[in-house]
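Bear in mind the structure is a predicted one, so any value in this text is a computation, not a measurement. Numbered from 1 within each chain, the chains take letters A, B, ... in sequence-line order.
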Amino acid sequence: MSTNAQLATIFNEMAAVLELIGANPFRVNAHARVARVLKDLTVDVATLADEPKQLEAIEGIGKASAKKIAEFVATGAVAEHERLVGEVPGGLLALLEIPGLGPKTVKMLWDDGGVTDLASLKDAIARGALADLPRMGDKTIRNITESIAFAEQSGDRARLGIAMPLAESIVERLRAVPGAGRVQYTGSLRRGRETIGDIDILATAREPEKLAESFTTMPGVAKVLAAGRTKCSVRLEAGIQVDLRLVDEEAWGAALLYFSGSKEHNVALRERAGKRGARLNEYGLFPDDGDDAPPQQRGIAPIASRTEKEIYAALDLPWIPPELREDRGELTAQIPKLIELADIRADLHAHTVASDGKMTIDELAAAARDRGYHTVAVTDHSQASAVAGGLTVEDLLRHVDAVHEANERIDGITILAGSEVDILADGHLDYDDEVLARLDIVVASPHVALGQDPAKATRRLLTAIRHPLVHVIGHPTGRMVNRREGLHPDIEALVTAAAEHGTALEINANDMRLDLRDVHVRAAVEAGALISINTDAHTPGQLELMPYGVLTGRRGWLTADGCINAWPAKRLHAWLAENR
DNA sequence: GCCGTTTTCGGCCCGACTGTTTTCAGTCG
């Protein structure tokens with residue numbers, strides 16, 4: 001973990017404890033803000049630490065925090081942090097992560113219910129002990145129980161956006177080892193799943209021992225779980241397990257196929273092989289001679305093994321992109337040409353300093369142009385999202401003028417004036433039609449009432465989809481990966497209406513959202529609804545989240561033609577103008 | 001705890017929703 005990330009954790013923990021013990025909320029927020037600033041910071045804070053003025057020059061970091069940062073860089077710890085963490089039971093902070101449980105409730109559970117961690121909370125619920133506490137009705141207790149179940153069910157999987165950079169850095173390191181051959185991450189990460197159980201890396205090497213040693217001794221390893229000739233396994237300080245498998249060059253394709261999964265896809269492939277008188281394993285596709293002993297150990301030559309493509313071909317299949325390997329019909333369907341990152345030419349959902357973003361219009365435009373986009377949309381929050389700096393009508397109209405002025409001034413990219421308009425709980429939009437009609441693009445998104453029942457959620461989203469001035473429905477369910485389930489609308493109804501009304505549904509590429517999720521995208525694609533992949537960027541760096549959205553689109557069988565962000569400028573702009 | 005400087009102290013954008021209440025506390029964004 002980088003110094004920035006470690007310090008971010010420390011400040012987040014201080015914020016959590018301060019919140020729990022009822023400190024001034026603004027002080028709490030200041031700590032959380034420092035954590036956020038540190039996490040977003042592109043420069044290593046350690047390089048600034050010996051000059052306090054440099055630290056204090058960073059927005060959000062004052063004298064006190066600068067001192068703590070310097071203290072950490074010098075000593076590896078922050079005394080105030082240790083003191084604070086010592087004030088509450090260790091397991092209590094984790095309860096704050098459970099959706100619906102805030103500091104007041106957790107404090108009350110601790111003070112009045114003797115709850116000190118997740119186990120004692122579950123025990124108290126089971127004993128019915130919570131019912132005696134204030135504000136703990138049946139419904140609240142049931143909500144807490146469900147939240148715990150949800151957090152536990154998804155809690156041990158890392159988000160794609162956490163696992164991918166880790167895997168890429170490990171792959172890069174291993175490739176640099178002398179004698180290293182091919183090195184590639186496989187598993188659910190290669191398939192682009194939204195969460196990852198562990199990172200699987202496949203490699204060939206002239207001297208496998210050297211690669212293995214480099215792997216087990218790399219920075220960030222907390223514990224070596226296994227260190228054998230063909231398989232090494234470590235647990236990182238980040239809490240993620242990483243497996244390295246070393247294979248022979250001849251078996252590369254078979255091993256890649258096998259370790260990429262999914263298990264269900266592999267089972268289907270093996271069944272298919274069986275029907276063709278062959279056996280498929282991680283060493284290759286072999287003729288089935290009726291002998292149960294592994295063919296590769298008996299010197300049997302494989303029918304195919306060096307590449308995935310050869311193996312699929314031998315099974316009368318085209319090469320199937322990893323993202324589709326979920327046994328969701330990929331062995332029998334016509335495989336479309338899936339969208340690729342290089343197809344993306346526009347980002348249509350981003351925030352500037354006008355609301356809660358960190359970029360100016362010019363900075364956003366430059367970042368989008370640097371990525372080779374022909375179009376970028378400025379879509380700041382609407383008035384209902386007060387805490388996200390939502391714009392009043394007057395502010396919005398001024399902002400629109402500023403965006404249009406920037407569009408005139410800046411060459412090489414079209415800058416659209418838009419808004420991320422709240423879809424209110426009843427489906428109404430947060431601005432009147434006259435205001436919306438002034439915008440080049442309207443992205444309508446749900447932000448509140450994300451626990452409403454499915455019928456209401458469906459009506460709410462259908463209202464927005466049918467609204468003639470809405471172009472895109474932003475993060476349609478409002479779910480947060482591992483954190484919040486979000487809305488459960490009738491997806492079929494939504495995608496059907498979206499196709500009928502020509503409203504695009506967003507894949508929010510932020511790995512915390514990935515909303516729509518893969519299966520919803522598939523439904524939309526099958527219904528003929530358009531998809532828009534956007535980063536919802538608040539910083540220039542967040543424009544780089546686009547690959548996660550594209551992966552999710554690919555998992556939903558999305559083609560470039562079905563994604564408005566991949567359209568040429570002329571087609572996209574004409575489509576936007578049509579919805580007016 | 002941070003920030004600004006018509007303020008070195010006093011402010012720091014709060015409105016919607018839920019579930020508990022009988023007028024509101026807690027959570028979320």
Side-chain angles (χ1 to χ4, degrees), chain A residues 10-12 14-38 52 55-69 78 80-81 84 95-109 112 130-144 146-147 351 353-357 380-392 394-395 420 422-428 430 445-453 456-457 460 474-475 478-480 483-487 508 510 512-513 515 536 538:
Chain A
I10 283 174
F11 276 91
N12 267 329
M14 285 196 286
V17 175
L18 287 168
E19 197 174 28
L20 262 183
I21 61 180
N24 176 347
F26 298 108
R27 195 174 157 217
V28 173
N29 196 34
H31 281 82
R33 185 174 176 209
V34 171
R36 213 163 42 236
V37 165
L38 288 172
L55 288 174
E56 288 172 46
I58 300 169
E59 192 88 17
I61 298 179
K63 265 192 172 18
S65 295
K67 244 178 117 174
K68 292 187 184 103
I69 292 168
V78 177
E80 168 88 348
H81 167 250
L84 280 171
L95 299 187
L96 290 172
E97 299 300 314
I98 297 171
L101 282 188
K104 297 284 168 56
T105 310
V106 171
K107 177 86 170 8
M108 187 273 292
L109 290 170
D112 302 335
L130 291 195
D132 298 322
L133 300 175
R135 307 192 58 78
M136 280 290 144
D138 288 344
K139 236 170 175 175
T140 299
I141 292 174
R142 205 176 328 133
N143 284 344
I144 293 173
E146 282 168 12
S147 284
H351 298 268
V353 290
S355 62
D356 61 350
D380 280 297
H381 286 286
S382 64
Q383 49 198 355
S385 288
V387 177
L391 303 180
T392 62
E394 294 70 31
D395 287 340
E420 184 187 14
D422 264 46
I423 306 173
L424 304 175
D426 65 355
H428 278 93
D430 194 27
S445 312
H447 288 106
V448 296
L450 296 175
Q452 69 186 168
D453 69 65
K456 262 190 199 165
R460 174 191 194 179
H475 50 73
R479 70 92 170 239
M480 299 283 261
R483 293 281 289 131
R484 183 178 66 204
E485 293 211 37
L487 300 170
N508 193 294
N510 189 308
M512 292 174 73
R513 291 194 181 272
D515 174 19
D536 195 356
H538 287 63

Given DNA chain B, 5'-ward residue of the pair A:L101 and A:A354, judged by closest heavy atom: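 Upstream on the strand: A:A354.
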
Closest-nucleotide ordering on DNA chain B, the 5'-leading residue of A:I141 and A:A425: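 Final value for this comparison: A:A425.
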
NA contact type, [X], heavy-atom cut-off 4.0 Å: base, sugar-phosphate, or nothing?
X: A:A384; result: nothing
X: A:A386; result: base
X: A:D395; result: nothing
X: A:K67; result: nothing
X: A:I61; result: sugar-phosphate
X: A:G390; result: nothing
X: A:P103; result: sugar-phosphate

Check the distance between [N]'s [atom2] and [X]'s [atom1] and give it to me in whole angstrom.
X: A:H447; N: B:dA16; atom1: NE2; atom2: P; result: 15 Å
X: A:M14; N: B:dG1; atom1: CE; atom2: P; result: 9 Å
X: A:R33; N: B:dC13; atom1: CZ; atom2: C1'; result: 14 Å
X: A:H428; N: B:dA16; atom1: NE2; atom2: P; result: 15 Å
X: A:K139; N: B:dT21; atom1: NZ; atom2: C1'; result: 14 Å
X: A:Q452; N: B:dC28; atom1: CD; atom2: C1'; result: 15 Å
X: A:E56; N: B:dG1; atom1: CD; atom2: P; result: 13 Å
X: A:K456; N: B:dC17; atom1: NZ; atom2: P; result: 9 Å

Within 6.0 angstrom of A:D138 CG, more than 12 heavy atoms from elsewhere: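 No - once you tally the heavy atoms of other residues, nucleotides and ligands closer than 6.0 Å, there are 12 at most.
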
Closest non-hydrogen atom pair, A:D430 against A:S382: OD2-OG, 2.7 Å

Heavy-atom closest pair, residues A:D422 and A:A384: OD2-CB, 4.1 Å

Check: [X] side chain, [Y] main-chain N or O, donor-acceptor pair, under 3.5 Å:
X: A:N508; Y: A:R513; result: no
X: A:R460; Y: A:I423; result: yes
X: A:Q452; Y: A:L487; result: no

Quantified in whole Å, what is the [atom1] atom distance between nucleotide [N] and nucleotide [M]?
N: B:dA16; M: B:dT22; atom1: P; result: 24 Å
N: B:dT6; M: B:dC14; atom1: C1'; result: 26 Å
N: B:dC13; M: B:dC2; atom1: P; result: 16 Å
N: B:dC17; M: B:dG10; atom1: P; result: 36 Å
N: B:dG19; M: B:dT23; atom1: C1'; result: 14 Å

Does [N] have its OP1 or OP2 closer than 4.0 Å to a side-chain nitrogen or oxygen of [X]?
X: A:T140; N: B:dT20; answer: yes
X: A:N143; N: B:dG19; answer: yes
X: A:K63; N: B:dC3; answer: no
X: A:R135; N: B:dT20; answer: no

Set of residues satisfying ring pair (Phe, Tyr, Trp, His ring centres under 6.0 Å) with respect to A:H475, sequence neighbours excluded: A:H447

For A:D112, side chain to side chain donor-acceptor pair (under 3.5 Å) partners two or more places apart: none

Minimum side-chain heavy-atom gap A:K68-A:H31 below 4.5 Å: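 Side chain of A:K68 against side chain of A:H31, heavy atoms only: contact under 4.5 Å found.
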
Strand-adjacent residues in residues 17-25 of chain A, judged by heavy atoms under 4.0 Å from DNA chain B: A:N24

Syn or anti conformation of B:dT7, syn meaning chi within 90° of 0: syn

